[in-house]
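Only one structure is covered here, and it is reproduced in the block below.
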Amino acid sequence: MLMLTCPNCGVTAEETEFEPGGEAHLTRAATDSTDEAFRDYLFQRKNPRGVHFERWRHAYGCGRWFHAARCTQTLEVFGTYTAQTSAPPDRIQAAIQARRPDWSLT
Amino acid sequence: MSEVTITRAPATGMITLRGDLSNVALQTAVTTLTGTGFPQQREILHEGERSVAWMAPDELLLLLPHAEAQATVAQLSQSLTDIPHLVAEVSDARSLFRLSGPGVREVLAKGAPIDLSPMAFQPRHIRRTRLGQVAAALWMVDADTFCLICFRSVTEYVDTFLATAAREGSLPNHF
């Protein structure tokens, strides 16, 4: 079972209380970008086996969005953090590196 | 006789207030109105027939006698004119249930995926979660009594769910 801690209301709850929002930290392709770049922005998603950054919403709780860093293989959660950021904060990266020494933010 | 009694509470006034909860003017407006303190994260405070609950980082729920709700909305809007906010009466949008009896924690634990043990859940706590398939918020009134609110449109579902969960002889006596 996947347990997440909502950073907005501090509740640690199981997966069914949340709604998944897909891959995190996407950058919107600019309006003057190529068709290929816009296609990739819309449809191409990472599907890693291992460390992954995701958006989640506390749908049955406070209703707020947040980010989560977790391992898709073991369901280990490295941490959750605010949605108002465009990259994982240092403490999250440190937490991942402590558990996955080979990992780096590419 | 079942160990837990489930009743629909009579019409209760409910007001949603959204805004910056760290704003002192907003805090004062709320506490003056309810006569309680200002709730911390996931806390509900009561004073007589009035309660104030923390629902989200920018949202409060006020409970009060039904007859006073409309006037209170006007009064709140008046005192909050200077700060961005939203005040809305939601009395008719939600249903309030009252559950009492020694097995009440077990009845709710059948449908809500949260820790309802006495160590984890106590009076003053409010928890928004789900019951079965629908959203609900619950809090304790005393050691054997819980209150639960859900959207009015799913009242019948919740009513049936609770009645089934509280069926005599079906409680595991875990807590």
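We name chains A, B, ... by the order of the sequence lines, and we start the count at 1 in each one.
- Of the residues considered (B:Ala137, B:Ala136, B:Pro57, B:Ala56), B:Pro57 shows the highest number of contacts with chain A, using heavy-atom pairs under 4.5 Å.
- Note on B:Leu62: it does not cluster hydrophobically with B:Ile149, by side-chain heavy-atom contacts below 4.5 Å among ILVMFWY residues.
- Each of A:Leu2 and A:Ile96 belongs to its own hydrophobic cluster when Ile, Leu, Val, Met, Phe, Trp and Tyr are linked at side-chain heavy-atom distances under 4.5 angstrom.
- Around CD of B:Glu49, the count of heavy atoms belonging to other residues, nucleotides or ligands within 6.0 Å does not exceed 12.
- Under the rule for a ring-ring contact (aromatic ring centres under 6.0 Å, His included), the partners of A:Tyr41 that lie at least two apart in sequence or sit in another chain are A:Phe38.
- The part of B:Gln133 that comes within reach of chain A is its backbone (N, CA, C, O), which places non-hydrogen atoms under 4.5 angstrom from that chain.
- In terms of hydrophobic clustering, with Ile, Leu, Val, Met, Phe, Trp and Tyr side chains grouped at heavy-atom distances under 4.5 Å, B:Leu63 and B:Phe38 are assigned to different clusters.
- Atom CZ of A:Arg99 has 12 or fewer neighbouring heavy atoms from other residues, nucleotides or ligands inside a 6.0 Å radius.
- Cluster membership check: B:Leu64 shares its hydrophobic cluster with B:Leu26, using side-chain heavy-atom separations under 4.5 Å among Ile, Leu, Val, Met, Phe, Trp and Tyr.
- Residues of residues 85-122 of chain B that come within less than 4.5 angstrom of chain A, heavy atom to heavy atom, are B:Pro113, B:Ile114 in numerical order.
- We find the SG-CZ distance between A:Cys9 and B:Arg42 to be 6.0 Å, quoted to the nearest 0.5 Å.
- Under the 4.5 Å side-chain heavy-atom criterion for grouping Ile, Leu, Val, Met, Phe, Trp and Tyr, B:Phe151 is connected to B:Tyr157 within one hydrophobic cluster.
- We find that A:Glu14 and B:Arg130 are joined by a salt bridge, their nearest charged nitrogen and carboxylate oxygen being less than 4.0 Å apart.
- Contact between A:Val11 and B:Arg127 at its shortest, heavy atoms only, is CG1-NH2, 3.2 Å.
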